[in-house]
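Comments concern the structure below.
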Amino acid sequence: MTLNQEEHGPLLAVHSVDEFVFSVPDLGQARHFYTSFGLDVRDEAGALALHTFGHAHRWARIVQADTKRLLWLSLGIYAEDLPRFERRLTQQGIQRIAAPSGAGTEGLWIQDPDGLAVQLRIAEKSSPSQPSAREIPPECANAGRSPSRSRAQATRPLYLSHILLFSADVDSARRFYEDALGLRLSDRSGSAIAFMHSPHGSDHHLIALAKSDGPGLHHSSWCVPSLDAVGIGAQQMVQAGYPQGWGLGRHVLGSNYFRYVRDPWGSYAEYSYDIDFVSPASEWPAADHPGEDSLYVWGPELPQDFVFNYELCESLTRTGTRNTP
Ligand SMILES: [Fe+2]
């Protein structure tokens with residue numbers, strides 16, 4: 001039995017979204033958006049690297065190109081699992097592909113059913129191994145518990161919780177992420193949306209899949225430690241020139257409180273607080289939920305184009321959609 005099997009059992013599964021990489025037409029616009037959002041945006045070899053303050057991990061990179069487009073995903077695996085994944089992919093007849101231009105060649109490169117390039121690479125587990133931080137103001141007699149506006153801290157997310165990918169066939173994509181990559185279904189709503197966790201322990205979803213006509217990045221979601229941080233983040237983004245979005249609200253599937261901020265390309269960055277957590281090797285009771293439960297318990301009305309895949313409309317992502325309704 002390998003070290004990994006002793007530590008993690010005979011599981012063979014991806015443990016983290018190690019990094020997602022996408023292009024935009026204007027890196028300056030991206031720098032402004034994600035800096036305003038509260039991320040630590042660094043220059044790196046002509047690209048932008050997205051970090052969270054106080055955390056060593058690089059969660060994402062943004063490169064310059066004509067359009068906004070999700071380019072590839074790098075998924076983290078344990079070192080001991082690399083040869084096991086190689087065998088599994090071969091057994092399942094999954095072809096290896098060349099690394100996309102600009103990507104590292106290490107690990108295993110394959111394509112998901114939507115044609116998205118996916119890298120399996122050895123990495124430290126960056127997905128959480130315990131429930132996310134929850135700061136609740138303590139009970140305090142004869143004193144106000146609200147933070148004062150004058151002393152309110154800007155919101156700075158703690159870590160990447162999950163990404164939501166568009167897919168032309170959610171059921172096929174779900175089977176691929178289950179059968180080839182070892183993720184497990186948390187919840188779904190028919191063939192419209194599916195939420196997947198890692199059996200090594202992760203938030204309720206580290207990857208979610210939503211129906212569209214093709215691939216794309218709908219949103220990245222960033223954990224914040226309090227409901228105040230969600231509200232303050234929403235406010236700081238309005239002040240930075242990003243008033244469009246959805247929320248404050250609460251999801252049913254995943255349970256998190258949310259505010260989605262619309263980015264300049266018609267996709268979103270989400271502040272997420274208090275998402276459900278799936279402990280390592282535990283059994284989450286996956287279920288198929290009615291459509292009305294697939295989005296929210298409460299919150300403002302959904303923007304009409306909330307699940308529209310702007311990556312399939314090149315002319316819009318080329319110019320930015322920030323000022324369109
Ligand atoms: Fe989300």
Side-chain angles (χ1 to χ4, degrees), residues 16-17 19-20 22 33-34 37-39 50 52 59-60 70 73 126-128 131-134 155 157-167 170 173-174 177 183-189 192-198 202-212 215-227 229-231 233-234 237 242 244-263 265-278 284 286 289 291-300 302-303 305-311:
S16 304
V17 174
E19 184 177 45
F20 63 101
F22 63 103
F33 179 82
Y34 287 103
F37 191 76
L39 300 184
L50 299 186
T52 43
W59 304 103
L70 180 62
L73 291 185
S126 55
S127 63
S132 60
R134 274 174 283 187
T155 292
L158 302 173
Y159 64 84
L160 175 73
S161 170
H162 58 267
I163 53 175
L164 193 150
L165 308 176
F166 285 120
S167 170
V170 168
R174 173 170 62 86
Y177 283 96
L183 297 185
R184 292 189 182 164
L185 181 68
S186 304
D187 290 291
R188 70 187 175 106
S189 182
I193 193 160
F195 300 92
M196 315 199 69
H197 65 272
S198 168
S202 74
D203 285 345
H204 173 271
H205 44 287
L206 52 74
I207 289 178
L209 303 158
K211 175 76 177 101
S212 175
L217 174 67
H218 177 269
H219 74 264
S220 56
S221 179
W222 304 83
C223 172
V224 297
S226 67
L227 196 51
V230 178
M237 290 304 274
Y242 305 100
Q244 295 184 359
W246 184 42
L248 178 74
R250 189 176 196 192
H251 283 303
V252 179
L253 309 180
S255 302
N256 55 310
Y257 300 89
F258 64 81
R259 166 69 189 178
Y260 292 85
V261 184
R262 185 172 168 132
D263 68 24
W265 315 283
S267 44
Y268 297 85
E270 177 187 16
Y271 293 114
S272 168
Y273 168 60
D274 202 16
I275 194 167
D276 290 327
F277 180 74
V278 185
W284 182 267
H289 300 263
E292 78 171 303
D293 285 341
S294 66
L295 282 166
Y296 60 128
V297 189
W298 55 264
L302 199 68
D305 62 348
F306 186 70
V307 288
F308 187 81
N309 187 356
Y310 280 95
E311 288 186 39

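Whatever order the structure lists them in is the order used to number ligands and atoms, beginning at 1. Predicted model, so just to flag it, every value in this text is computed and none were measured.
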Subject >> Shortest-distance N/O/S atom, Glu270 versus the Fe ion (ligand 1) >> reply: OE1
**OP:** For Phe258, check ring pair (Phe, Tyr, Trp, His ring centres under 6.0 Å) against everything at least two apart and list the hits.
**Re:** Trp246, His251, Tyr260
Subject >> Residues in salt bridge (charged side-chain N to carboxylate O under 4.0 Å, His left out) contact with Arg259, at least two apart in sequence or another chain >> reply: none
Original post:
Can you check whether Cys223's main-chain N or O pairs, donor with acceptor, with Ser161's side chain at less than 3.5 Å?
Top reply: no
Subject >> Side chain Tyr257, main chain Gly247, donor-acceptor under 3.5 Å >> reply: no
Subject >> His251 near the Fe ion (ligand 1) via N/O/S, less than 2.8 Å >> reply: no
**OP:** Give a yes/no answer: is there an N/O/S atom of His205 under 2.8 Å from the Fe ion (ligand 1)?
**Re:** no
